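To keep things clear, I will list the structure first and then write my remarks on it.
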Amino acid sequence: MQRCIELARLGAGQVAPNPMVGSVLVRDGLIIGEGYHEKYGQAHAEVNCISQATLNLRKRGLSEAEVDESFRQSTIYVSLEPCAHFGKTPPCADLIISKKIPLVVVGCRDPFPLVDGKGIEKLERAGVGVITGILEEACVDLNKRFFTFHKEKRPWILLKWAQSNDRMIAATGDARTLISHATSNRLVHKWRSEAASILIGANTALLDDPSLTTRLWPGKSPVRLVVDPDLRLPPSLQVFNEAMQTMVFNTVRQEQQDGVLFYKIARHKSLPAQICEALYALQIQSVMVEGGRNTLQQFIDQCFWDETRVITNESLMLWKGLDAPCLAQASLAFSERIGPDRVDYFENTCTQ
């Protein structure tokens, strides 16, 4: 099962809104095939695993009958419950049944309503043995964004900012302040490739004019979200280019115009709550909040976040500038060094 998890992670940033899944086929204690869900809309982990096993067995000179017999004496491990419905691909449970694989070991159940227990039930009705709950916590954590979306009916919320060693996120004045180093910047673009959407406020859009793409890392760019209550941002900003879809939360109008979705929200209601409600309705499973300070602080103060990642340039002191957000009710999970920067990963400890 640990190998299934390792394989599944190879699909990070490529399979959303589907979950990451890995699968391993074992006979007589030896792995004869493995696979993972590589890209959204393409074959699932079990299909790739069985296909690789078939190829491996044929390379050993086994006949079709001997290949079939190998499947009948094998156990297939999969980090998430096999699907039982027709989506972009046929049901994986049907494939397992057709190959007469006698035992399926499942890491955790799939919370998606069209699957949730139905894959396991289908296998058992066909006489296939099923063992569940193997490394369950790790398998759930692997797809925490997927689980949060389907069980809590909201997107997974990741907060991120970079700060100087004296906890400033920008220097005094309108000039853009480069805080994190090149290696850390590439890491941020990797994080972006793993997020379904990315959110900034109007001030950040005006002062930094970011493109919010994954230009420093291979992978799909997230949907760009901008909080602009009074629609004061000029259309010449990079966030409105055609690199990726853009959505603007505002209090003025609701319409689609020039490829931009203007989503109307109420001025005096919770901004994080309204954003989460909108993203859930639009089937956007995760959001990475990059700033600015006011936007980040609203998510923190209202306990609308799951994980926070803070990059600190320990060699930089700004002395005067914009203070970093004040992170409350948080637990440090771990820290790591990325070049000259320190990256701290925090978990939410809010009780609500």
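Computed from a predicted structure; not experimentally measured.
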For [X] against [Y], the heavy-atom pair lying closest together:
{"X": "Pro102", "Y": "Phe71", "answer": "CD-O, 3.6 Å"}
{"X": "Pro325", "Y": "Gln297", "answer": "CA-OE1, 3.2 Å"}
{"X": "Ile179", "Y": "Ala162", "answer": "CD1-O, 3.7 Å"}
{"X": "Lys122", "Y": "Ala93", "answer": "CD-CB, 4.2 Å"}
{"X": "Lys220", "Y": "Met244", "answer": "CE-CE, 3.7 Å"}
{"X": "Ser70", "Y": "Leu62", "answer": "OG-CD2, 3.7 Å"}

Rounded distance [0.5 Å steps], [atom1] in [X] versus [atom2] in [Y]:
{"X": "Arg167", "Y": "Leu327", "atom1": "CZ", "atom2": "CG", "value": "8.5 Å"}
{"X": "Ile96", "Y": "Cys49", "atom1": "CD1", "atom2": "SG", "value": "9.0 Å"}
{"X": "Thr214", "Y": "Arg186", "atom1": "OG1", "atom2": "CZ", "value": "11.0 Å"}
{"X": "Ile134", "Y": "Cys4", "atom1": "CD1", "atom2": "SG", "value": "11.0 Å"}
{"X": "Ile101", "Y": "Ile50", "atom1": "CD1", "atom2": "CD1", "value": "4.0 Å"}
{"X": "Met168", "Y": "Leu322", "atom1": "CE", "atom2": "CG", "value": "8.5 Å"}

Is [Y] reachable from [X] through a run of hydrophobic residues whose side-chain heavy atoms are each under 4.5 Å from the next?
{"X": "Ile32", "Y": "Val78", "value": "yes"}
{"X": "Leu158", "Y": "Ile311", "value": "yes"}
{"X": "Ile5", "Y": "Val106", "value": "no"}
{"X": "Phe149", "Y": "Leu225", "value": "no"}
{"X": "Ile200", "Y": "Ile284", "value": "no"}

Residues [X] and [Y]: side-chain donor-acceptor under 3.5 angstrom:
{"X": "Ser335", "Y": "Arg342", "answer": "no"}
{"X": "Glu46", "Y": "Ser23", "answer": "no"}
{"X": "Thr349", "Y": "Ser331", "answer": "no"}
{"X": "Ser211", "Y": "Arg215", "answer": "yes"}

Counting C-beta onward and ignoring hydrogens, is there a side-chain heavy-atom pair between [X] and [Y] closer than 4.5 Å?
{"X": "Val188", "Y": "Leu216", "value": "no"}
{"X": "Asn203", "Y": "Asn294", "value": "no"}
{"X": "Gln285", "Y": "Pro155", "value": "no"}
{"X": "Ile300", "Y": "Cys326", "value": "no"}
{"X": "Val15", "Y": "Gln42", "value": "no"}
{"X": "Tyr36", "Y": "Val21", "value": "no"}
{"X": "Ile275", "Y": "Val287", "value": "no"}
{"X": "Phe249", "Y": "Gln274", "value": "no"}

Show your working on salt bridge (charged side-chain N to carboxylate O under 4.0 Å, His left out) between Arg192 and Glu290 and close with a plain yes or no.
-> CA-CA 10 Å; Arg192 288 179 179 179; Glu290 281 213 29; 2.9 Å; yes

Check the pair Arg27 / Gln73 against side chain to side chain donor-acceptor pair (under 3.5 Å), numbers first and verdict last.
-> CA-CA 6 Å; Arg27 180 187 176 184; Gln73 296 183 31; 3.0 Å; yes

For [Y], does its backbone N or O pair with a side-chain atom of [X] as donor and acceptor, under 3.5 Å?
{"X": "Gln14", "Y": "Glu38", "result": "no"}
{"X": "Asn241", "Y": "Gln238", "result": "yes"}
{"X": "His150", "Y": "Pro113", "result": "no"}
{"X": "Asn250", "Y": "Asp230", "result": "no"}
{"X": "His189", "Y": "Thr213", "result": "yes"}
{"X": "Gln52", "Y": "Glu34", "result": "yes"}
{"X": "Thr251", "Y": "Arg267", "result": "no"}
{"X": "Ser286", "Y": "Ala196", "result": "yes"}
{"X": "Asp68", "Y": "Glu66", "result": "no"}
{"X": "Ser51", "Y": "Asn48", "result": "no"}

Using a 6.0 Å cut-off, check whether atom [atom1] of [X] has over 12 heavy atoms from anything other than its own residue.
{"X": "Glu277", "atom1": "CD", "result": "no"}
{"X": "Lys153", "atom1": "NZ", "result": "yes"}
{"X": "Gln256", "atom1": "CD", "result": "yes"}
{"X": "Lys151", "atom1": "NZ", "result": "no"}
{"X": "Glu255", "atom1": "CD", "result": "yes"}

Is Arg72 salt-bridged to Glu69, cutoff N-O under 4.0 Å?
-> yes

Between Arg293 and Asp323, does at least one N-O distance fall below 4.0 Å, as a salt bridge requires?
-> no

Evaluate the salt bridge (charged side-chain N to carboxylate O under 4.0 Å, His left out) criterion for residues Arg309 and Glu336: first the C-alpha distance (whole Å), next the side-chain angles of each, then the deciding distance (0.1 Å), finally the verdict.
-> CA-CA 11 Å; Arg309 300 174 184 176; Glu336 64 176 343; over 6 Å; no

Are Phe304 and Phe299 near enough that their ring centres are under 6.0 Å apart?
-> no

Could you check Glu307 against Trp305 for side chain to side chain donor-acceptor pair (under 3.5 Å), going step by step and ending with a plain yes or no?
-> CA-CA 6 Å; Glu307 183 180 3; Trp305 65 279; over 6 Å; no

For the residue pair Phe112 and Phe146, categorise the inter-ring angle as parallel (less than 30°), tilted (30 to 60°) or perpendicular (more than 60°).
-> tilted

Derivation of the salt bridge (charged side-chain N to carboxylate O under 4.0 Å, His left out) call for Lys118 and Glu121 | CA-CA 5 Å; Lys118 298 179 179 66; Glu121 181 182 346; over 6 Å; no

Once you find the SG atom in Cys350 and the one in Cys303, is the distance between them below 2.5 Å?
-> yes

For Ser180, which of Asn313, Asp341, Asn185 qualifies under side chain to side chain donor-acceptor pair (under 3.5 Å)?
-> Asn185

Please step through salt bridge (charged side-chain N to carboxylate O under 4.0 Å, His left out) for the pair Asp306 and Arg154, ending with a clear verdict.
-> CA-CA 11 Å; Asp306 296 286; Arg154 66 164 177 83; 2.8 Å; yes

